[in-house]
Peer 1: 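So that we are looking at the same thing, I have put the structure below in structure tokens.
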Amino acid sequence: MTPPTRTRVLTGITTTGTPHLGNYVGAIRPTVQASRDLSTDGFYFLADYHALIKCDEPARIQRSTLEIAASWIASGLDPDKVIFYRQSDIPEIPELTWLLTCVTGKGVLNRAHAYKAAVDKNNAAGHDPDSDVSAGLFMYPVLMGADILMFKAHKVPVGRDQIQHIEMARDMASSFNHLYGEHFVLPEAVIEASVALLPGLDGRKMSKSYDNTIPLFAPAAQMRKQIAAIVTDSQAPGEPKTTEGSTLFQIYQAFANANETAAMARAYTDGIGWGDAKHMLFERIDREIAPMREHYQSLIDNPAHMDKILLSGADKARQLATPFMRELRHAVGLRALSLGSAAPVAKEAKTALPSFKQYREKDGQFYFKLVDSKGQILLQSLGFASAKEAGQTIVRLQSEGPDVLADLQPILEFAPQTADFLSEVLTLLKAHNAASQK
Ligand code: TRP
């Protein structure tokens, strides 16, 4: 395995709802900011397979996927600078989920918070412990492990409730690596401590499940109305007010800078009326959101364009996932029967591996071929003018793996029916090459 040298940051968002201000402050805004760090590679995806665990309304899944994708882009995520994709566009994800399922203890999944909470609730109600619990909910952490491990993510920004899942992904990676060789990177959770937990209209955490949210891109008039509905106490204008425990103040703080926040605190002491405070809050939020609202609407109005963006992201993602999955299939023994039992790639396989032979023909040109241990020719090059060119092409085939096949097709000859086999051989050679350079 060649570990990526640049830090990879990956996170997913489940597509079941309409993004609200809490999502924006807690996840979208900090993630978009982090995505601008040019020293890291960002992977951001719409976790629509995860959505199926909680939601059986097809229209809602589809609508939410569009809304969340549009929210991220309107908030500044640049799909040309990161890999932005939809989980269900990557067939390798469910494929990897199965391999990981087979190295994950059932007992470990029994202890996953979301599953345990469902069981506890059933027990408390006197129901069967697994009543209404789908196997999908039970398997949730494995699917998430596949999301993360597929792209060798180093850092995974998540909320606190997700830390356990990242730890499980690490365990899956370790178990797999222990059994089959070093293939996976062990990921780490990143918890952004400075990110505000936004209270909702009623003062509890802003969350879909409490029905106390303010949609991020609601029309301005609706947002104004909802802000007016934030619960306050009955203190009259002129009475000094305390910022502590004030929902309104907390939301204001999440959008304002230090000076603005200090000014609002003074206004509280000076007895600002709730109506005026709400007006200031609306103005402050709208100043940040209004410029993005139009972009959001244009994205929502053009879903075909969004499909294109997401498919192009999936394309980039699969350029990594497809060869990696091939490597993993090979590692567990799902491989061509004719390939011998080339056990651990780096060690015993050495003698059994096909190798390149370089030679010169009577025409004065330089050639090479890839020959297996029994002398069968797998691949034959056309003539090169110099030995150096032929040599460089061999190096590419050895180090870049099967992806170069398409590139080099015009100067190579091989039977089309051996293309898959050849890909597998090149994946092996690449892994072997990387291992021997360590
Ligand atoms: N389970 C995450 C959540 O609900 C979403 C998610 C799915 C995710 N796959 C992921 C987050 C992989 C980070 C990495 O918040």
Side-chain angles (χ1 to χ4, degrees), residues 7-20 22-32 34-35 40-55 60-61 64-65 68-69 71-72 77 82-90 92-97 100-101 104 109 112-118 134 136-173 184-192 195 197-198 205-209 213 313-314 317 320-321:
T7 300
R8 288 188 178 172
V9 181
L10 174 145
T11 198
I13 165 154
T14 308
T15 54
T16 42
T18 298
H20 53 69
N23 300 136
Y24 176 72
V25 167
I28 302 176
R29 191 172 61 185
T31 306
V32 168
S35 76
T40 64
D41 289 331
F43 293 72
Y44 303 101
F45 70 96
L46 302 151
D48 53 351
Y49 280 135
H50 277 99
L52 296 182
I53 294 170
K54 308 189 225 176
C55 176
R60 185 157 143 218
I61 302 260
S64 170
T65 303
I68 294 177
S71 298
W72 283 72
L77 189 75
V82 299
I83 304 192
F84 183 53
Y85 56 99
R86 171 163 51 174
Q87 186 185 32
S88 66
D89 285 332
I90 318 287
E92 289 83 1
I93 296 287
E95 199 176 354
L96 177 55
T97 300
L100 296 179
T101 301
T104 304
L109 298 179
H113 298 321
Y115 172 69
K116 243 176 59 184
S134 71
L137 176 66
F138 188 68
M139 295 295 299
Y140 182 113
V142 189
L143 177 58
M144 185 157 159
D147 290 332
I148 298 168
L149 300 182
M150 175 61 84
F151 297 106
K152 300 180 179 165
H154 302 95
K155 309 234 173 240
V156 186
V158 283
R160 280 185 196 287
D161 58 321
Q162 300 289 322
I163 297 177
Q164 187 195 33
H165 294 147
I166 315 298
E167 280 163 6
M168 288 180 168
R170 281 179 75 87
D171 289 345
M172 292 169 208
F184 291 124
V185 164
L186 305 196
E188 252 172 63
V190 182
I191 308 296
E192 186 60 82
V195 163
L197 197 63
L198 212 66
K205 173 190 164 188
M206 189 180 287
S207 161
K208 271 193 303 262
S209 22
T213 66
L320 298 167

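FYI, side chains are in, hydrogens and waters are out, and symmetry mates aren't considered; it's all heavy atoms of this structure. Indexing begins at 1, ligand by ligand and atom by atom, following the structure's order.
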Peer 1: Would you say that Thr97 contacts Thr101 through its side chain, given a criterion of any heavy-atom pair below 4.5 Å between the two side chains?
Peer 2: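 They are in contact (side-chain heavy atoms under 4.5 Å apart), so the answer is yes.
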
Peer 1: Going by atom types only, do Asp48 and Ser88 share a side-chain donor-acceptor pair under 3.5 Å?
Peer 2: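 Note: Asp48 and Ser88 side chains meet the donor-acceptor criterion.
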
Peer 1: To check you understand the geometry: which heavy-atom pair defines the closest contact between Arg8 and Phe43, and what is its length?
Peer 2: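 What the structure gives for the nearest pair is CD-CE1, 3.6 Å.
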
Peer 1: Suppose we measure from atom 3 (C) of ligand 1 to each protein heavy atom; which comes out shortest, and what is that distance?
Peer 2: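 Here the nearest protein heavy atom works out to Gln162 NE2, 3.5 Å.
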
Peer 1: State the atoms of ligand 1, each with its element, that fall below the 4.0 Å cut-off from a heavy-atom position in Leu10.
Peer 2: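 It comes down to these atoms of ligand 1: 14 (C).
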
Peer 1: Record the part of Val158 in heavy-atom contact with ligand 1 below 4.0 Å; permitted values are side chain, backbone, both and neither.
Peer 2: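 The part of Val158 near ligand 1 is the side chain, not the backbone.
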
Peer 1: Once the angle between the rings of Tyr85 and Phe45 is folded into 0 to 90°, is it parallel (under 30°), tilted (30 to 60°) or perpendicular (over 60°)?
Peer 2: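 Judged by the thresholds at 30° and 60°, the geometry between Tyr85 and Phe45 is parallel.
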
Peer 1: At less than 4.0 angstrom from any non-hydrogen atom of Thr14, what atoms of ligand 1 do you find?
Peer 2: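 Listed by number with element, the hits are 3 (C), 4 (O), 5 (C).
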
Peer 1: Counting only heavy atoms, which portion of His165 has something under 4.0 Å from ligand 1: side chain, backbone, both, or neither?
Peer 2: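 Neither; no heavy atom under 4.0 Å.
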
Peer 1: Which ligand 1 atoms does Ala47 reach within 4.0 Å, using its non-hydrogen atoms?
Peer 2: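 So the atoms of ligand 1 that pass are 7 (C).
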
Peer 1: Go through the side-chain N and O atoms of Ser209 and Ser207 and say whether any donor and acceptor fall under 3.5 Å apart.
Peer 2: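 There is such a pair (donor and acceptor under 3.5 Å, judged by atom type) between the side chains of Ser209 and Ser207.
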
Peer 1: Among all the protein's non-hydrogen atoms, which is closest to atom 6 (C) of ligand 1, and how far away is it?
Peer 2: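 Going atom by atom, the protein heavy atom closest to atom 6 (C) of ligand 1 ends up being Gly12 O, 3.8 Å.
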
Peer 1: Are any of the side-chain heavy atoms of Asp147 and His50 separated by less than 4.5 Å?
Peer 2: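 Of all side-chain heavy-atom pairs linking His50 with Asp147, at least one is under 4.5 Å.
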
Peer 1: If you have a sec, work out which protein heavy atom is nearest atom 9 (N) of ligand 1 and how many Å separate them, to one decimal?
Peer 2: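 Going atom by atom, the protein heavy atom closest to atom 9 (N) of ligand 1 ends up being Asp147 OD2, 2.7 Å.
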
Peer 1: So do Phe184 and Leu100 actually touch side chain to side chain, heavy atoms under 4.5 Å?
Peer 2: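 They are in side-chain contact.
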
Peer 1: Enumerate the atoms of ligand 1 whose separation from the nearest heavy atom of Thr11 is less than 4.0 angstrom.
Peer 2: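 Once the distances to Thr11 are compared, the set is 11 (C), 13 (C).
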
Peer 1: Which atoms of ligand 1 have any heavy atom of Tyr140 under 4.0 Å away?
Peer 2: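 With Tyr140 as reference, the close atoms of ligand 1 come out as 1 (N), 2 (C), 3 (C), 4 (O).
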
Peer 1: With a 4.5 Å heavy-atom cut-off, do Gln162 and Val156 have their side chains touching?
Peer 2: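 They are not in contact (no side-chain heavy atoms under 4.5 Å apart), so the answer is no.
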
Peer 1: Which atoms of ligand 1 are found less than 4.0 Å from any heavy atom of Ile148?
Peer 2: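 Result: 12 (C), 14 (C).
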
Peer 1: Within a distance under 4.0 Å of any heavy atom of Val156, pick out the atoms of ligand 1 and give their elements.
Peer 2: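 Matching atoms, with element in brackets: 13 (C), 14 (C).
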
